[in-house]
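First up is the structure itself, then whatever we jot down about it.
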Amino acid sequence: MIGSIFNRRKKTVNRRAFLYGAGGVAIGLPFLEGLPERSAWAQNAQPIFTFFMCAACGVEPKRFWPSGSGALKGLLAGGKAVDALEPFAENLLIVKGVNFPLTGPTGCGHAQGLAQALTGKSPTGNGGQATATGPSIDTLISEAANKDGTSPMTLYAGNLRNGYIADRLSFDNSGRVRASVDNPYKLYTALTSVAQTGGGSTTPPAPTEPGTPTAPTMQDQLLSKRKSVNDLVRKQLKSLMSSSKLSADDKRRLEEHFTAIRDAEGAIMGMGMNPTPGAPAQVAGCAMGSIDETEMKGLSSWKYNAKNVEKGGIENIVELHMQLVALAFACDHNRTGTLQWGDGTDHTIYETPANAQLGNWNLHFISHRTQSDSGVASNGTAETAHAEIDAIRMKTLARGLQHFKDRGLADKSVIVWTNHVAEGFHTMRNVPFILWGDGGGKLKQNELVDAAGAGNGALLNTIYAAVTGAPSGSFGGGKELAAIKKA
Amino acid sequence: MPVAGQALPVDLRGTPIYTRFNRLTNEQYENSARDILKLDGPTGVTDGFLHAVTGVTDFANNELVVLVNDTVWRDFQTAAEALAAKVTATDAALQAVVRTTDVETFIETFGRRAFRRDLTTEEVADYTAMHATGTAFSGTQSAFTKGAALVISAMLQSPHFVYRTEMADDGKPLSGYEIAAKLSFWLLDTTPSDELLDAAKNGSLDSSENVAMQAAEMLEDPAARAVMRKFHNELYKFDLYDNINKDMVAGYTEALNPELKEATYLFFDRLFTQGLGVKDMLTSNVAFAGPAMAKLYGVTVTGSGIQQITMPDRIGYYSQVPFLALWGINNDPDSIHRGTKINIDTLCAVPGMPAAELPPVPALMPNQTNRERYTNLTAGCGGACHGVIINPIGFAFESYDGLGRTRATDNGKPVDTTGSYPFAEGTKSFDGGNELMQIIASGKQAHQCYAKKVAGYALQRDLVEADRPMVEALGKVSLENSASIKDVMVALVKENAFRTHVGGAQ
């Protein structure tokens with residue numbers, strides 16, 4: 001009886017069912033083996049993947065931006081931080097002259113900067129509680145491009161327990177910050193683990209006689225159990241939602257819960273993961289590749305380290321996140337995501353020559369050019385330290401981009417690097433934007449572009465239009481930034 | 001915007017939604033799973049759970065940030081499956097959870113623990129069917145145990161487990177079971193005990209006096225101390241002590257940070273466990289210090305651990321080294337932040353919006369004091385806030401340097417710690433942190449502010465103007481009786497805001 005149910009389901013269940021969201025007690029089936037599935041990618045239009053990273057505390061502009069203008073190839077050898085990106089020049093688009101809507105923050109501008117970096121809207125509130133006044137671009141792209149309602153990947157590299165400003169980049173709506181995942185191990189397990197048995201034995205089913213129905217596998221059993229549980233949970237939620245006592249907020253809360261179950265199931269049944277015979281070559285990147293599984297597993301007990309150490313420090317975590325996101329894109333696990341690269345007032349200590357002279361200040365102090373979260377000063381050594389940190393971050397970005405390049409994603413993605421302030425103390429004019437990937441042929445490549453004071457909303461809207469095929473009125477009043485569009 | 005001579009009231013400008021469905025926090029899920037499954041220690045299943053967003057509400061258990069999205073749902077699903085597998089690995093293991101092999105008995109007994117109430121007939125039928133489904137899966141266990149595994153997994157994913165519900169009509173008393181859950185999750189961070197559920201069922205929690213007695217008893221549980229550690233950390237942001245960075249200041253090394261943090265925890269532990277209250281927080285001369293911190297206080301301690309000390313010539317948390325060191329720029333007092341933090345955290349007086357693009361803090365001029373520097377800096381557009389409420393309080397601590405050491409002079413001139421502030425009882429003048437703290441401790445605002453924070457944490461929501469009578473009543477308890485933190489918490493459970501479902505637009 002059960003076996004026949006499973007046999008029917010087996011035609012439609014793809015193995016991503018087990019790869020997505022199945023953490024816990026893995027039973028260690030090899031990656032990408034054993035589960036039959038269709039390839040949605042082979043059947044549908046080419047998805048365009050987007051990943052938005054927002055670093056902390058601005059840059060030191062004099063030693064960050066490339067000199068000159070026009071084609072980047074040749075500009076990235078002038079002793080600037082972005083020189084590290086030279087190997088990627090042909091797919092790069094560096095945009096200067098972009099302003100945030102609120103160009104002059106009120107008080108501590110870090111949360112304000114984060115709240116407008118990917119929303120293109122002026123934030124509300126100030127200090128550590130400032131928040132967004134609209135959804136961020138990953139939310140809107142997710143709604144348009146992710147099948148089955150899958151939420152965007154929301155990642156973090158930094159100290160979530162910093163006591164002031166942590167999650168503040170991805171918003172599912174006005175004022176609603178999306179919580180992030182700081183440990184790459186979680187995404188790794190989502191991508192690689194195979195489900196636990198949920199109480200049953202891990203013993204494989206006994207062999208059957210030829211011609212008899214195939215015994216359900218453990219994976220089949222897990223899916224069946226989940227369906228039984230989900231059905232009952234849905235029934236209970238519906239019963240609760242039918243109460244006349246509920247406020248609109250409570251109805252919405254339970255509806256979101258209800259939808260979350262559907263989304264998780266959708267993720268299970270949805271997008272393709274495994275190239276089937278005849279599938280296009282672009283999915284060849286869907287393999288573990290250079291991912292060091294031992295290193296990833298070693299992160300299971302990872303804790304934030306305030307120093308940028310080689311293993312487990314913020315830059316290492318950024319690269320590991322990028323490595324996994326590249327895999328997730330190559331396997332069409334998710335089509336968009338964000339990475340908050342540092343806290344609002346990032347206290348990471350980068351050990352650089354100039355910072356050694358300072359006595360190893362944290363990044364926030366360096367960006368203020370004084371040992372203070374509030375004061376600002378002029379300090380040439382701190383400026384140099386900031387430039388050195390910019391160079392370190394650009395090298396990290398380069399290593400991360402290599403993972404996307406290796407998986408053949410240059411013509412099917414847009415990877416964005418920006419900052420939540422422009423430079424030094426909280427200014428929000430001329431915020432750096434670095435884009436890699438042509439967004440499916442829609443964006444200029446190998447160019448340094450001056451946006452001449454355009455809002456980041458227009459830039460976001462252009463990316464949104466490239467990815468989804470339709471401009472969004474949510475950003476920049478629906479305007480696009482023509483300067484970055486391919487003619 | 002502050003006006004000279006006018007007190008800023010305790011700020012009650014929240015945006016509550018008065019949810020009937022407070023999702024368990026990760027800690028509450030972890031502890032509840034341990035308790036209902038009768039496990040000896042932490043399960044660890046919540047270690048990788050998605051956290052609640054911090055910083056946008058006063059506390060991370062606020063209804064606005066503890067939600068269920070698809071990531072959280074997958075966390076719950078995975079955890080429930082892992083826990084069910086763990087406690088049904090063998091038939092004997094399951095018997096440690098509920099000692100029975102009768103399906104209905106199992107469902108009713110375990111279900112009552114999980115849902116924190118008796119199950120309805122329909123629910124028993126649903127889970128009986130679920131049990132039957134579970135028996136058909138593979139495994140070496142008995143059919144009963146395999147069925148129980150699916151029931152446990154299903155119950156741990158049920159909205160009746162993952163939400164603490166309040167289904168009473170608006171303004172009407174919560175059921176005994178709902179009160180039991182509200183008390184237990186607040187005070188102990190876990191699900192109600194079987195005994196508390198029994199008390200709820202027999203009506204023992206139907207009167208406010210009984211609820212208060214129950215709360216007082218629960219506050220003696222060691223788990224309450226852990227809850228209050230978390231509460232005070234979120235309120236006063238002790239995690240910031242990890243971030244102090246003063247490499248160029250003599251007397252400071254990074255190794256001091258954990259000592260500053262733990263000493264602070266111990267101070268608040270003492271207040272809570274020793275029956276002390278807001279007045280003691282502001283005026284006690286007791287502190288904690290290890291050898292390195294003791295030097296900063298000018299005292300000596302024996303041994304290497306953190307010990308209780310008596311501070312010479314200073315009183316209260318805000319005169320302690322950790323707070324003063326955190327809010328110091330190198331070795332200079334960070335007067336603005338010292339003043340701002342005390343206004344916001346202890347008086348609930350929220351200054352207006354800071355000016356756009358704040359100017360840098362200039363270097364000290366020859367013969368200029370730190371106070372003079374900040375006075376000049378804030379005399380312009382920020383003067384309305386700084387001059388009236390921020391600077392006066394910050395300047396009261398000018399006699400402590402950026403590492404919290406006592407100082408009599410600043411840049412060669414005597415420190416000036418005088419000031420005045422528009423308290424609720426009227427503008428009062430003071431000279432130094434000790435006088436300021438005595439004034440604050442004897443006024444109503446700090447007591448109301450602390451009451452507001454306690455209530456916000458307990459009710460898991462923002463407070464609004466409609467809550468002011470409660471805040472004033474609790475503040476009065478704290479002030480007039482020099483009451484303990486526990487007294488304020490017990491008084492809160494008698495309030496309608498705790499005992500009823502406060503719903504809708506208030």
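Below, chain A is the first sequence line, B the second, and so on; all start at residue 1.
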With only heavy atoms counted, which part of B:Val162 is less than 4.5 Å from chain A, the side chain, the backbone, both or neither?
-> side chain

Of the listed B:Asn245, B:Asp169, B:Ile329, the one with the largest count of heavy-atom pairs under 4.5 Å with chain A is B:Asn245

Would you please classify the geometry between the A:Tyr185 ring and the A:Tyr188 ring as parallel, tilted or perpendicular, with 30° and 60° separating the classes?
-> tilted

Pick from A:Gln236, A:His364, A:His347: which one has the most heavy-atom pairs with chain B under 4.5 Å?
-> A:Gln236

Ignoring hydrogens and angles, tell me if any N or O in the side chain of A:Thr131 forms a donor-acceptor pair with the backbone of A:Ala115 under 3.5 Å.
-> no

Given A:Glu256, A:Lys186, A:Arg178, the one with more heavy-atom pairs under 4.5 angstrom with chain B than any other is A:Lys186

Contacting region of A:Asn230 [heavy-atom separation from chain B under 4.5 Å] | side chain

With only heavy atoms counted, which part of B:Thr165 is less than 4.5 Å from chain A, the side chain, the backbone, both or neither?
-> neither

Among the options B:Asp334, B:Val72, B:Asp239, pick out the one with the most heavy-atom pairs lying under 4.5 Å from chain A.
-> B:Asp239

Interatomic distance, B:His501 atom NE2 to B:Lys172 atom NZ [nearest 0.5 angstrom] | 13.5 Å

Is there side-chain contact between B:Thr19 and A:Asp249, with heavy atoms separated by less than 4.5 Å?
-> no

Using non-hydrogen atoms only, which part of A:Asn159 is less than 4.5 Å away from chain B: side chain, backbone, both, or neither?
-> side chain

Beyond-backbone contact of A:Val421 with A:Thr427, side-chain heavy atoms, under 4.5 angstrom = no

Give a yes or no answer on whether the side chain of A:Asn379 reaches the backbone of A:Thr370 with a donor-acceptor pair at less than 3.5 Å.
-> no

Give a yes or no on whether the backbone of A:Ser151 and the side-chain of A:Asn334 come within a donor-acceptor separation of less than 3.5 Å.
-> yes

Please determine, among A:Ser180, A:Gly127, A:Gly125, the option with the most heavy-atom pairs under 4.5 Å with chain B.
-> A:Ser180

With a 4.5 Å cut-off on heavy-atom pairs, point out which of B:Arg23, B:Glu63, B:Glu123 contacts chain A the most.
-> B:Glu63

N/O donor-acceptor pair under 3.5 Å between A:Tyr164 side chain and A:Gly128 backbone | yes

Is chain B contacted by the side chain of A:Ser301, its backbone, both, or neither, given a heavy-atom distance below 4.5 Å?
-> neither

B:Leu83 vs B:Ile152 side-chain heavy atoms within contact, under 4.5 Å = no

Output the distance between atom CG (B:Leu240) and atom NE2 (B:His337), rounded to the nearest 0.5 Å.
-> 10.0 Å

Which bit of B:Leu67 comes within less than 4.5 Å of chain A, counting heavy atoms only: side chain, backbone, both or neither?
-> side chain

Look at A:Asp182, A:Asp167, A:Thr259 and state which one has the largest set of heavy-atom pairs under 4.5 Å with chain B.
-> A:Asp167

Max heavy-atom pairs within cutoff under 4.5 Å with chain B, candidates A:Leu246, A:Ile165, A:Asp172, goes to A:Leu246

By a 4.5 Å heavy-atom criterion (distance strictly below it), what part of B:Phe49 contacts chain A: side chain, backbone, both, or neither?
-> backbone

Side-chain contact test, heavy atoms from C-beta onward, threshold under 4.5 Å: evaluate it for B:Asp58 versus A:Gln129 and give yes or no.
-> yes

Residue pair B:Met130 / A:Leu232, side-chain heavy-atom distance below 4.5 Å | yes

Can you say whether A:Lys245 sits under 4.5 Å from chain B via the side chain, the backbone, both, or neither, judging by heavy atoms?
-> both

In this structure, are over 12 heavy atoms from other groups packed under 6.0 Å from A:Arg161 atom CZ?
-> no

Report the option among B:Asn233, B:Asn69, B:Asp126 that has the most heavy-atom pairs separated by less than 4.5 Å from atoms of chain A.
-> B:Asp126

Quick one: of A:Ala111, A:Ala166, A:Ala260, A:Ala130, who has the most non-hydrogen atom pairs under 4.5 Å with chain B?
-> A:Ala260

Side chain, backbone, both or neither: which part of B:Ala363 has an atom under 4.5 Å from a heavy atom of chain A?
-> neither

Using non-hydrogen atoms only, which part of A:His257 is less than 4.5 Å away from chain B: side chain, backbone, both, or neither?
-> both

Checking heavy atoms, do the side chain of B:Met167, its backbone, both or neither come under 4.5 Å from chain A?
-> both

Interface residue of largest heavy-atom contact number with chain A, from B:His160, B:Lys237, B:Glu122, under 4.5 Å = B:His160

So what's closer than 4.5 Å to chain A heavy atoms on B:Tyr163: side chain, backbone, both or neither?
-> side chain

Ranking B:Val65, B:Val53, B:Val45 by heavy-atom pairs under 4.5 Å to chain A gives rank one to B:Val53

For A:Ile349, is it the side chain, the backbone, both, or neither that has a heavy atom closer than 4.5 Å to a heavy atom of chain B?
-> side chain

Okay, A:Asn183 and chain B: the region with an atom under 4.5 Å from a heavy atom over there is neither

A:Arg168 vs A:His110 side-chain heavy atoms within contact, under 4.5 Å = no

Turns out that what part of B:Glu234 lies under 4.5 Å from chain A's heavy atoms comes down to neither

Would you mind checking which part of B:Tyr127 comes under 4.5 Å of any heavy atom in chain A, side chain (CB onward), backbone (N, CA, C, O), both or neither?
-> side chain

What part of A:Leu237 lies closer than 4.5 angstrom to a heavy atom of chain B: side chain, backbone, both or neither?
-> both

Supply the atom-to-atom distance B:Ile244 CD1 to B:Trp327 CH2, rounded to the nearest 0.5 angstrom.
-> 9.0 Å

Is there a side-chain contact between A:Arg262 and A:Phe258 (heavy atoms, below 4.5 Å)?
-> no

pair A:Pro123-A:Leu102: side-chain heavy atoms closer than 4.5 Å = yes

